[in-house]
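Since the model is a prediction, treat every value here as computed from it, not as a measurement. Here, residue 1 is the first one in the sequence, and each next residue gets the next number.
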Amino acid sequence: MWAVTHITAVPWAFLVVAGVIGMYLPGYLAMSKRVVNPGAAYGMIAHLSRSIALAAGPICYLAYMALQVGLYGMIGPFVSGRVTDWTGLHVTTLQVQLIAWLIVLISGLTRIKVTGWFVALLMLAEVALVVVFDAFLIPHPYQGHPQFGTLDPTHLLGGTGGGAATTMCIAFLAYVGIESGVVMASETRNRARATVRATTTAMIIITGLYSVTTWAISQAAGDDNVVHRAQTETQQFLFNLARPYVGPVVIDVANALFGTSVLIALITFALISNRYLFAGGRERVWVPRRIGQPSVRNGVPAAAALVQAVIALVVILIWYLAGWDPVVTLFYYFGTGGGFTVMLLFALTSLSVFVFFRRRRRAGEHDTESVAVRAVLPLVAFVLLSAMVVLSVINYDMMLGVPADDPLRWIIPGIPFTLLVVLSVAGIVLRRVRPGTWMRIGLGEHADLAAAPTEGALA
């Protein structure tokens with residue numbers, strides 16, 4: 001954010017985005033208690049419109065696959081460079097990517113409880129290390145003078161044109177995955193309580209850690225230096241600031257944990273994308289039924305994990321054989337595209353929550369949630385998230401770091417919108433020609449109980 005937008009008030013960007021997502025989550029969590037589907041957003045959007053949900057299912061899968069596959073573009077060059085520096089061995093980007101791919105595949109075929117413990121231990125180590133860095137940086141301000149410029153909210157409006165909008169849209173990427181508790185809910189004991197607790201805890205930790213750490217960085221680097229140093233030192237910026245206080249051994253550990261943090265994200269996004277494909281397979285609407293059958297041995301969506309692994313491997317090999325820059329063309333392009341698509345899905349889900357509870361109210365259902373949770377917050381979240389979607393499209397060239405006339409600035413955000421229109425129209429057609437299939441959209445594990453009018457007559 002500092003390097004691209006020149007905005008210094010980055011801590012405020014996280015707080016503003018946290019406020020928007022904080023309006024989104026209560027209704028989302030409330031609806032998740034009544035709509036249990038591993039394809040969380042997809043199942044919820046089906047209560048807005050089954051035809052739109054027919055588009056939302058593939059779009060959800062595309063978004064998380066893009067996020068997951070894009071991270072191979074980051075983990076390969078970073079880890080191979082660190083291993084070569086530490087050991088003197090020539091480790092290639094492709095070798096690291098294939099090892100990471102294998103770990104992700106194994107995680108997808110393993111019970112979520114085991115994978116969860118593995119991810120949790122790595123994440124706790126990362127969070128602890130960042131807290132240690134903050135503890136050393138905050139008491140050592142630049143040239144001995146406390147730095148509070150990044151805490152001035154008016155600075156959020158500075159920088160380049162569209163900088164404030166771009167800063168908040170990039171900050172949104174830090175929260176992608178906050179919704180995954182609902183995706184995993186069907187595999188969790190005490191799912192209602194566990195999902196709310198996990199999501200709330202994640203929200204607090206993400207907001208606190210990012211906002212405090214970005215201020216700690218500016219405190220040590222100096223308000224007037226953060227943009228330049230972020231542009232020149234990139235991923236090593238935080239590590240370089242902490243090096244005088246923690247020593248080279250801790251910095252090496254920090255670099256290793258940066259690699260594992262990318263691995264955690266790879267595993268998480270792969271698990272989410274697996275569940276969306278698994279949900280589609282249960283309904284036999286946009287993927288074959290076999291993909292919706294869990295493993296007999298441990299109940300995980302093994303077929304979906306294998307499909308995801310094949311797609312990821314194909315992308316990795318295409319990028320290797322083509323010789324494209326993995327960081328720019330794989331990590332940035334796929335990552336921003338996936339994050340933007342999730343933002344669009346958040347907006348649609350917010351509207352779905354509002355419509356869902358409104359219909360229940362009209363049907364005489366009396367929900368325990370307040371009118372704020374059922375109606376006000378989802379509607380406000382829909383408006384704000386929609387505004388963020390529009391601002392992202394307008395400033396997409398800045399997020400990609402490409403010229404304003406580069407066609408990629410329209411192509412990448414245009415993909416989910418095109419799919420949304422085309423597949424929604426296909427959903428309308430499906431309703432007429434195969435109403436039984438259309439009725440299964442969004443039902444997940446209850447798809448077989450759907451009313452099934454004769455499909456052959458109109459086919």
Side-chain angles (χ1 to χ4, degrees), residues 20-21 23-64 178-179 182-183 185 272 275-276 279-280 282-283 285-286 340-365 367 369 371-390 416-432 434-447 449-451:
V20 175
I21 298 180
M23 295 180 186
Y24 165 79
L25 287 177
Y28 174 73
L29 292 172
M31 187 172 175
S32 72
K33 298 175 184 178
R34 299 164 176 85
V35 180
V36 180
N37 192 319
Y42 162 64
M44 293 182 184
I45 293 172
H47 289 270
L48 173 66
S49 164
R50 283 191 174 94
S51 297
I52 294 176
L54 181 63
I59 291 172
C60 288
Y61 185 67
L62 175 69
Y64 290 106
I178 195 77
E179 72 287 0
V182 174
V183 176
I272 297 174
R275 270 66 186 175
Y276 273 104
R282 282 183 163 185
E283 298 169 7
V285 178
W286 51 279
F340 169 77
T341 305
V342 172
M343 187 188 298
L344 174 62
L345 291 168
F346 271 33
L348 284 174
T349 306
S350 293
L351 183 59
S352 302
V353 172
F354 173 79
V355 172
F356 174 76
F357 281 109
R358 184 178 178 85
R359 286 174 177 169
R360 283 176 60 85
R361 202 72 175 174
R362 287 181 172 178
E365 299 286 348
D367 298 300
E369 289 82 4
V371 66
V373 172
R374 291 184 284 106
V376 178
L377 291 179
L379 198 56
V380 173
F382 168 69
V383 172
L384 294 177
L385 286 164
S386 299
M388 290 179 66
V389 168
V390 173
F417 281 110
T418 302
L419 287 174
L420 185 63
V421 173
V422 172
L423 294 180
S424 294
V425 172
I428 295 172
V429 175
L430 183 67
R431 181 178 185 178
R432 294 183 61 84
R434 292 190 178 274
T437 302
W438 184 83
M439 285 293 295
R440 292 199 298 268
I441 295 174
L443 294 183
E445 61 186 7
H446 303 298
L449 302 178

L419: which residues meet the side chain to side chain contact (heavy atoms under 4.5 Å, CB included) condition with it, sequence neighbours left out? I59, L62, I415, L423

Restricting to non-hydrogen atoms, name the atom on M343 and the atom on V389 that form the minimum distance, rounded to 0.1 Å. SD-N, 3.7 Å

Answer yes or no: is there a side-chain heavy-atom contact under 4.5 Å between W286 and L430? no

Would you confirm whether N37, through its side chain, and G442, through its main-chain N or O, come within 3.5 Å as a donor-acceptor pair? yes

Identify, with sequence neighbours excluded, every residue that meets salt bridge (charged side-chain N to carboxylate O under 4.0 Å, His left out) alongside R359. none

Please list all pairs passing the side-chain hydrogen bond (donor to acceptor under 3.5 Å, both in side chains) test where one or both residues lie in residues 55-64, with sequence neighbours left out. Y64-E179

What distance do I428 atom CD1 and S49 atom OG have between them, rounded to the nearest 0.5 Å? 7.0 Å

How close do P38 and V183 get, heavy atom to heavy atom, and via which atoms? O-CG1, 3.2 Å

Can you name the residues that form a side chain to side chain contact (heavy atoms under 4.5 Å, CB included) with V371, not counting sequence neighbours? R374, A375

Run the side chain to side chain contact (heavy atoms under 4.5 Å, CB included) test against V20 and tell me which residues pass, sequence neighbours left out. L384, L385, M388

Closest non-hydrogen atom pair, P416 against F340: CG-CE2, 4.0 Å

Looking at residues at least two apart in the chain, or sitting in another chain, which of them share a side chain to side chain contact (heavy atoms under 4.5 Å, CB included) with V383? none

Only pairs at least two apart or in different chains count here, so list each salt bridge (charged side-chain N to carboxylate O under 4.0 Å, His left out) that has a residue in residues 50-59. none

Residues which pass side chain to side chain donor-acceptor pair (under 3.5 Å) with S51, listed by chain and number, not counting sequence neighbours: W438

Distance-only criterion, 3.5 Å: show the donor-acceptor pairs between side-chain atoms of residues 347-358 and protein atoms not counting sequence neighbours.
{"from": "T349", "atom 1": "OG1", "to": "L345", "atom 2": "O", "distance (Å)": "2.7"}
{"from": "S350", "atom 1": "OG", "to": "F346", "atom 2": "O", "distance (Å)": "3.1"}
{"from": "S352", "atom 1": "OG", "to": "L348", "atom 2": "O", "distance (Å)": "2.8"}

Within residues 27-46 or reaching into it, pairs that qualify as salt bridge (charged side-chain N to carboxylate O under 4.0 Å, His left out) - sequence neighbours excluded: R34-D367, R34-E369

Quick check for you: to the nearest 0.5 Å, what is the distance between F417 atom CZ and T341 atom OG1? 9.0 Å

Nearest non-hydrogen partners of V182 and M44, listed with the distance: CG1-CE, 4.3 Å

